[in-house]
Amino acid sequence: MKQKQKRLLRFQLVFLGLAVLLVIAVVLNINTGSVKLSAERIWNILFLRDRSDPSYDILWKLRLPRLFTAAVLGGALSLSGFLLQTFFRNPIAGPFVLGISSGAKMLLAVVTIALSGFMTHIPVSLTVVTAFVGSMLSMLFVLIFARRIRNMSSLLVIGIMISNICSAVTDFLINFASEEEIVDLTYWSMGTFSGKTWDDLKISALLVLPTLVITFFMSKPIGAYQLGEGYAKSMGINIKVFRVVLILLSSMLSACVTAFAGPISFVGIAVPHIAKLMFGTTKPIVMVPGVFLSGAIFCMLCDLVARTVFSPTELTLGTVTAAVGAPVVIWLMLKRKSEG
Amino acid sequence: MGYYFTTERLTVGYDGKPLISDISIGIEKGEILTLIGPNGSGKSTILKSITRHLEAISGVISIDGADIRRMSGKDVATRLSVVLTERIHPELMTCGDVVATGRYPYTNHFGLLTAKDREIVQESLRRVHALELYDRDFREISDGQRQRVMLARAICQEPEIIVLDEPTSFLDIRHKIELLNILGEMAKKQGITVVMSLHEIDLAYKISDKIICVAGDTIEDFGTPDEIFTEERISRLYGIEHGSYDTLFGSVELQKPCGAPQVLVIGGGGRGIPFYRTLQRLGIPHAAGILYENDMDLRVARALAETVICARAFEPVDAKTEARARSLLNSVPYVADCGFVRGTYNRCNERLLHAAKEQGKTILSSTKALLETFGGRVPS
């Protein structure tokens with residue numbers, strides 16, 4: 001029917017628009033900063049590898065890895081949000097609502113305080129590993145409850161409670177620590193893409209991209225799951241396995257983000273919403289790449305705003321994502337209401 | 001044996017605790033099997049076990065000789081589809097999209113629809129007379145339309161059996177009839193076997209080839225509607241104590257007002273029914289006067305009137321019956337004249353009415369007069 005062609009055209013146009021936005025975001029990010037560079041110099045540095053340029057290091061060691069990490073992690077965070085919203089059938093479910101960051105922060109607090117007697121600064125790699133393990137642990141709890149509780153709203157409440165318990169434990173520990181002891185923890189919990197290296201990018205890409213591909217290949221069962229568990233089962237899906245896989249995929253994605261960039265709130269809720277309204281569908285086969293791409297662009301642009309608008313003072317990323325994202329979501333919701 | 005769909009010594013329940021045990025039934029291909037029984041009796045539990053949403057505790061469920069519990073999820077999906085009670089809330093999906101999810105077991109890894117799949121989607125919607133909904137957003141259509149779309153989705157899965165859990169709930173009477181007509185046609189023309197639960201037992205009687213009565217820890221009865229639908233069985237199944245259910249016509253009467261009759265209703269030919277019902281609403285005990293056994297008034301009078309004077313059909317009313325009516329007349333202060341048809345064989349009723357007038361009884365000749373007399377509010 002006609003609707004079908006109209007829809008296909010819309011998907012193509014939105015993807016095209018996103019591709020253009022992606023290029024713009026990349027160019028702006030490279031070009032903007034406390035050191036201004038001309039297009040010619042950027043060309044020389046990027047493609048001719050002109051090491052004699054004094055800005056070579058700024059571009060290759062600071063801006064580029066940061067830019068790409070923002071893209072990969074932003075995409076991961078958004079996709080994780082989309083998966084959790086599908087799983088919980090709740091538009092406000094997201095990695096941070098469910099205590100992924102609180103779990104990470106709690107374990108990080110334990111490790112930081114335990115090691116404070118031995119070293120002044122814990123190495124970044126240890127922060128990353130600790131945060132990752134902490135995130136996975138809190139999701140493991142959600143998963144254990146998910147096996148027993150079939151009602152999604154109750155499960156969501158349990159996730160939020162786990163998050164609160166972790167926060168309480170963290171606050172308790174911090175009460176007994178001195179400020180110097182927890183400086184790394186404080187820095188991590190601000191949430192930022194600042195200071196990311198090529199190694200960070202490599203590891204996060206190695207974790208995120210395969211997860212993205214697997215998720216894409218699961219589009220069909222995810223789509224069936226959107227109709228409800230009963231119907232999904234009647235189509236031949238093994239629900240028990242599917243639930244576990246879905247949670248594992250989304251926690252893999254968000255744990256990775258939390259480990260490398262700290263807690264970045266709001267992206268996981270806002271971006272899937274924005275993408276859904278842009279594409280006018282919830283079909284996973286469109287939404288999985290669409291959400292990832294939108295998230296990447298969203299985070300690159302937010303990071304750009306965070307580091308340039310009040311330069312040289314850098315804003316925390318969460319400030320920008322919330323300030324930019326929330327009004328956008330509200331506006332889109334209002335717009336949709338008037339349409340429907 | 002030899003039945004198309006069977007359950008043998010099937011025991012179902014939750015968490016390993018048997019709820020209903022020893023269900024052994026068999027139906028032919030293209031038959032409609034309906035589960036009836038009171039709320040909470042376990043109809044859904046049985047259906048969920050058949051669709052494998054719930055693991056059966058023991059026993060065998062088979063389609064065409066193949067044990068459904070040993071099949072892969074996909075195999076079951078190509079043979080059995082469902083319409084569940086759970087409501088779906090798909091976002092930004094058209095009815096066509098919802099129906100197309102039924103193609104799941106047949107599409108490729110990414111779930112892309114081929115031209116043939118699309119044709120089947122449209123054909124399924126056409127079969128439930130809802131093709132015009134194809135491009136409509138699923139959230140914007142009415143309950144009746146939704147249920148038809150969900151049935152189209154089940155049809156689109158090209159099953160041999162469709163299992164429906166209370167498909168007529170939330171539907172108004174017109175949509176109930178439409179849905180059941182579609183099911184009946186589908187079963188007879190396409191040979192799709194239907195297993196469902198219904199609350200409307202009158203409809204169950206009319207649509208089903210076989211009926212299961214579910215109550216207690218095993219199924220009470222299994223058989224054809226004509227075997228199952230006796231007044232006594234239905235009243236026992238549902239534990240009807242205050243009121244009655246006419247199995248022949250599927251009509252329900254509420255609790256009979258008890259006590260010494262205040263009104264003798266002289267009826268016949270259906271004229272008495274509004275009078276009995278009005279008196280029931282007012283809570284006035286009454287008697288129904290001479291009715292032939294085959295009079296339609298009699299079925300309702302038996303359910304609502306304290307005393308019924310009844311005469312053998314196709315015979316003149318004998319003197320004994322008339323005498324009973326006369327003595328009843330003496331004991332009531334009011335007489336209702338329903339405007340019954342006068343004829344050779346019910347002169348007795350005319351005589352009865354005449355006697356009432358002579359005795360100076362108050363004659364009420366409309367339901368409005370009943371309301372005025374017995375204190376009900378008269379709608380202006």
Side-chain angles (χ1 to χ4, degrees), chain A residues 1-8 10-11 82 85-86 89-91 148 150-152 215-242 272-273 275-290 333 336 339-340, chain B residues 47-48 51-54 71-113 118 121-122 125 131 134-140 150 153-154 156-157 159 162-163 165:
Chain A
M1 302 222 164
K2 263 193 200 137
Q3 188 100 355
K4 191 192 132 210
Q5 275 123 27
K6 252 169 69 186
R7 233 194 246 174
L8 211 61
R10 180 169 180 176
F11 296 161
F82 172 70
Q85 283 146 26
T86 306
R89 298 181 203 301
N90 192 315
R148 303 192 44 194
R150 313 208 73 236
N151 182 318
M152 284 300 151
T215 310
F216 184 67
F217 274 90
M218 282 186 59
S219 294
K220 189 181 171 187
I222 294 172
Y225 191 82
Q226 286 172 333
L227 227 56
E229 232 166 70
Y231 283 108
K233 192 157 193 220
S234 81
M235 298 177 212
I237 296 171
N238 186 336
I239 288 292
K240 276 183 191 161
V241 174
F242 178 80
H273 228 86
K276 191 166 70 192
L277 295 171
M278 280 194 305
F279 285 103
T281 185
T282 49
K283 281 196 174 129
I285 198 152
V286 176
M287 283 296 272
V288 170
M333 294 296 278
R336 186 176 64 165
E339 272 176 7
Chain B
L47 292 180
K48 278 183 190 157
T51 59
R52 297 214 312 189
H53 281 89
L54 196 64
M71 285 184 205
S72 71
K74 196 185 161 183
D75 279 348
V76 176
T78 56
R79 310 191 79 168
L80 183 151
S81 67
V82 296
V83 175
L84 304 170
T85 43
E86 69 179 51
R87 291 227 176 170
I88 63 164
H89 305 278
E91 277 186 284
L92 302 167
M93 278 173 94
T94 63
C95 296
D97 291 337
V98 172
V99 175
T101 61
R103 298 306 299 161
Y104 189 94
Y106 305 99
T107 52
N108 68 4
H109 189 88
F110 286 103
L112 298 176
L113 300 173
R118 280 179 216 288
V121 170
Q122 290 187 21
L125 270 168
L131 188 59
Y134 190 91
D135 280 334
R136 292 273 298 280
D137 188 314
F138 185 78
R139 288 171 303 180
E140 287 165 9
M150 293 318 284
R153 198 205 70 82
C156 188
Q157 212 169 314
I162 294 185
V163 177
D165 196 357

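Below, chain A is the first sequence line, B the second, and so on; all start at residue 1. Worth knowing before you read on, the calculation uses all heavy atoms, side chains too, and leaves out hydrogens, waters and symmetry mates. Keep in mind the model is a prediction, meaning the values are calculated, not measured.
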Worked verdict on B:Asp165 versus B:Leu84 for side chain to side chain contact (heavy atoms under 4.5 Å, CB included): CA-CA 5 Å; B:Asp165 196 357; B:Leu84 304 170; 5.6 Å; no

Proximity breakdown for A:Leu227 and chain B, heavy-atom pairs closer than 4.5 Å: both

Which portion of A:Ile237 sits near chain B, non-hydrogen atoms under 4.5 angstrom: side chain

Residue part contacting chain A, namely of B:Arg153, when any heavy atom lies under 4.5 Å: side chain

B:His53 side-chain N/O to A:Gly230 backbone N/O, donor-acceptor pair under 3.5 Å: yes

Interface moiety of A:Pro284 toward chain B, non-hydrogen atoms closer than 4.5 Å: neither

A:Lys233 NZ to B:Arg52 CZ distance, which is reported to the nearest 0.5 Å: 6.5 Å

Nearest-0.5 Å distance that lies between atom CZ in A:Phe242 and atom CD in A:Glu229: 9.0 Å

B:Met93 CE to A:Gln226 CD distance, which is reported to the nearest 0.5 Å: 7.0 Å

Engaged part of B:Thr51 at the chain A interface, taking heavy atoms whose separation is under 4.5 Å: neither

Part of B:Val76 lying under 4.5 Å from any heavy atom of chain A: neither

Winner by heavy-atom pair count (cut-off under 4.5 Å) against chain A, out of B:Asp75, B:Leu80, B:Thr94: B:Thr94

With sequence neighbours excluded, residues passing side chain to side chain donor-acceptor pair (under 3.5 Å) with B:Asp137: B:Arg139

Pair A:Met287-A:Lys276, side chain to side chain contact (heavy atoms under 4.5 Å, CB included): steps then yes or no: CA-CA 7 Å; A:Met287 283 296 272; A:Lys276 191 166 70 192; 3.7 Å; yes

Proximity breakdown for B:Thr78 and chain A, heavy-atom pairs closer than 4.5 Å: neither

Contact class of B:Glu86 relative to chain A, heavy atoms under 4.5 angstrom: both

Check ion pair B:Asp97-A:Arg7 (N to O, under 4.0 angstrom): yes

Segment of A:Phe217 engaging chain B (4.5 angstrom heavy-atom cut-off): both

CA sep, side-chain torsions, deciding dist, call: B:Lys48, B:Val163, side chain to side chain contact (heavy atoms under 4.5 Å, CB included): CA-CA 9 Å; B:Lys48 278 183 190 157; B:Val163 177; over 6 Å; no

Residue part contacting chain A, namely of B:Ser72, when any heavy atom lies under 4.5 Å: neither

Contact class of B:Met150 relative to chain A, heavy atoms under 4.5 angstrom: side chain

Heavy-atom pairs under 4.5 Å with chain A, option from B:Val83, B:Thr107, B:Leu112 with the top count: B:Thr107

